[in-house]
Enquirer: 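Got a structure for you, written out below as structure tokens; questions coming shortly.
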Number of protein chains: 2
Amino acid sequence: MEKLNNTLLYTLDKCFRTYNQFAQRNVRKAGYDITIDQWLILKSVAENPNITQNDISKIVFKDNASITRIIQLLIKQDFLTREIHPSDRRRVNLTLTETGKKITIDVNEIALQNRAAALKGIDEESIKLMRDLLQKVIGNCNNGS
Amino acid sequence: MEKLNNTLLYTLDKCFRTYNQFAQRNVRKAGYDITIDQWLILKSVAENPNITQNDISKIVFKDNASITRIIQLLIKQDFLTREIHPSDRRRVNLTLTETGKKITIDVNEIALQNRAAALKGIDEESIKLMRDLLQKVIGNCNNGS
DNA sequence: AAATATTAGTTGATATATCAATTATTGATT
DNA sequence: AATCAATAATTGATATATCAACTAATATTT
């Protein structure tokens, strides 16, 4: 049995977790009481008015049930409102409150800084290359039987 | 605000989740009632007898509290036993049961196949390059203030 | 139009993640 | 030796992940 920590996917795991913790820490340090996951959802609503929860779940790559629960919290925190969609009563209409709009923009600033810090010293070409490789892995996992 | 899905770290997130789901699905499909996370812990015990829970948490990159709870489940499933360490009563001694040993080895086989499938068509050099880049990101996240 | 299938979202159960607080034990200080 | 600091692990609270079962509404079929 080869050692755990020598595989690419172990490094991928580690990188993902390290970056998440780093990003979350910086958001808290700036005084915002929101998780990265919550912010991602606010951001998808901001970018796509009229979006369904189903579509959000695809964008942020989470389960439908998780989206429901995160949105419940966002409503409780007064970042979002939810109404029944007028023409399809199964759907919901999500709208950012003023507070929600503000925090989405503010945290976006921090996210940009986080990204810059995380990718410091890595050139554009390498980033592109890495993204292509990651896409290839994603493809392999989806197609394979 | 630039679109979410165009950043490297979004792709990283997606890749990580896709691979995890893919790997977990294959383990279930082979008939093993264990999560990848649980298996990783069994594997660290197998590779490092006398390991502490603290060390496990560093290896698998999870919180100490999570490790405690996953280990409780592993004991309930009869894959592990836990005793007090003879010379340091704060520590625990973890030992794989026979069932635990077997499943660790079996799932390792599946993990190897998963890895091969996920990395299919990607040459050694690219893998090394990607690993180095990921390490650099990890370094950036850890050093940065 | 009635029966059936599909779709959007919710809920329940269980596992895991994270942070903070706590316990028990050991190590270091004086 | 008594006090204090550090360490190993657990526990509580809350957020999230995942799967399956479910409700309500709309679309499709016959």
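In the text below, chain A, chain B and the rest are named by the order of the sequence lines, each starting its count at 1.
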Enquirer: Would you kindly give the CD1-to-C1' distance between B/Ile41 and C/dT16, to the nearest whole Å?
Expert: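 Value for this atom pair: 10 Å.
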Enquirer: The criterion is salt bridge (Lys or Arg N to Asp or Glu O under 4.0 Å); which residues satisfy it with A/Glu83, sequence neighbours excluded?
Expert: none
Enquirer: Looking at A/Gln38, does any N or O in its side chain come under 4.0 Å of the phosphate oxygens OP1/OP2 on D/dT16?
Expert: yes
Enquirer: B/Asp33 has an atom CG; how far is it from atom P of C/dT14, in whole Å?
Expert: 13 Å
Enquirer: Closest nucleotide of DNA chain C for B/Ile70 versus for B/Pro86: which of these residues is on the 5' side?
Expert: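 Its nearest nucleotide being more 5', the pick is B/Ile70.
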Enquirer: Can you check the B/Phe61 CZ to C/dT18 P distance for me, whole Å?
Expert: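 Result: 9 Å.
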Enquirer: Reckon B/Thr35 has a side-chain N or O less than 4.0 Å from the OP1 or OP2 of C/dT16?
Expert: yes
Enquirer: Let me have a per-nucleotide readout for nucleotides 1-12 of chain D, 5' to 3', with B, S or -, counting only protein heavy atoms under 4.0 Å.
Expert: ------BSSBBB
Enquirer: Please name all residues satisfying side chain to side chain donor-acceptor pair (under 3.5 Å) with A/Asn50, sequence neighbours left out, ordered by chain then number.
Expert: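 So A/Asn50 forms no side chain to side chain donor-acceptor pair (under 3.5 Å) with any residue.
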Enquirer: Using salt bridge (Lys or Arg N to Asp or Glu O under 4.0 Å) as the criterion, list what pairs up with A/Lys101, not counting sequence neighbours.
Expert: A/Glu98
Enquirer: Taking atom CG of A/Asn48 and atom CG of A/Leu94, what is their separation to the nearest 0.5 Å?
Expert: 11.5 Å
Enquirer: Are B/Gln21 and D/dT18 close enough that a side-chain N or O sits under 4.0 Å from OP1 or OP2?
Expert: yes
Enquirer: Given atom CD1 of B/Ile84 and atom P of C/dA24, what is their separation to the nearest angstrom?
Expert: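 In whole Å, C/dA24 P and B/Ile84 CD1 are 12 Å from each other.
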Enquirer: Please determine whether a side-chain nitrogen of the Lys or Arg among B/Asp106 and B/Lys102 lies less than 4.0 Å from a carboxylate oxygen of the Asp or Glu.
Expert: yes
Enquirer: The criterion is side chain to side chain donor-acceptor pair (under 3.5 Å); which residues satisfy it with B/Ser126, sequence neighbours excluded?
Expert: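 Scan of B/Ser126 (side chain to side chain donor-acceptor pair (under 3.5 Å), adjacent residues dropped) gives B/Asp123.
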Enquirer: Separation of B/Arg17 atom CZ from D/dT18 atom P, in whole Å?
Expert: 7 Å
Enquirer: Categorize A/Arg28 for me: base, sugar-phosphate, or nothing, with a 4.0 angstrom heavy-atom threshold over every strand shown.
Expert: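 The residue A/Arg28 makes no contact with any strand.
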Enquirer: C/dG9 C1' sits how many Å from A/Ile75 CD1, rounded?
Expert: 12 Å
Enquirer: Show me the side-chain donor-acceptor pairs of residues 65-80 of chain B shorter than 3.5 Å, one per line, residues at least two apart or across chains.
Expert:
unit_1: B/Thr68; atom_1: OG1; unit_2: B/Gln53; atom_2: NE2; d: 3.4
unit_1: B/Thr68; atom_1: OG1; unit_2: B/Asn64; atom_2: O; d: 3.4
unit_1: B/Gln77; atom_1: NE2; unit_2: B/Asp33; atom_2: O; d: 3.3

Enquirer: Atom CG of A/Leu73 and atom P of D/dA13: how far apart are they, to the nearest Å?
Expert: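 Atom CG in A/Leu73 sits about 17 Å away from atom P in D/dA13.
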Enquirer: Return the value, rounded to whole Å, for the distance between atom CD1 of A/Ile34 and atom C1' of D/dT16.
Expert: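 For the pair A/Ile34 CD1 and D/dT16 C1', the rounded distance is 15 Å.
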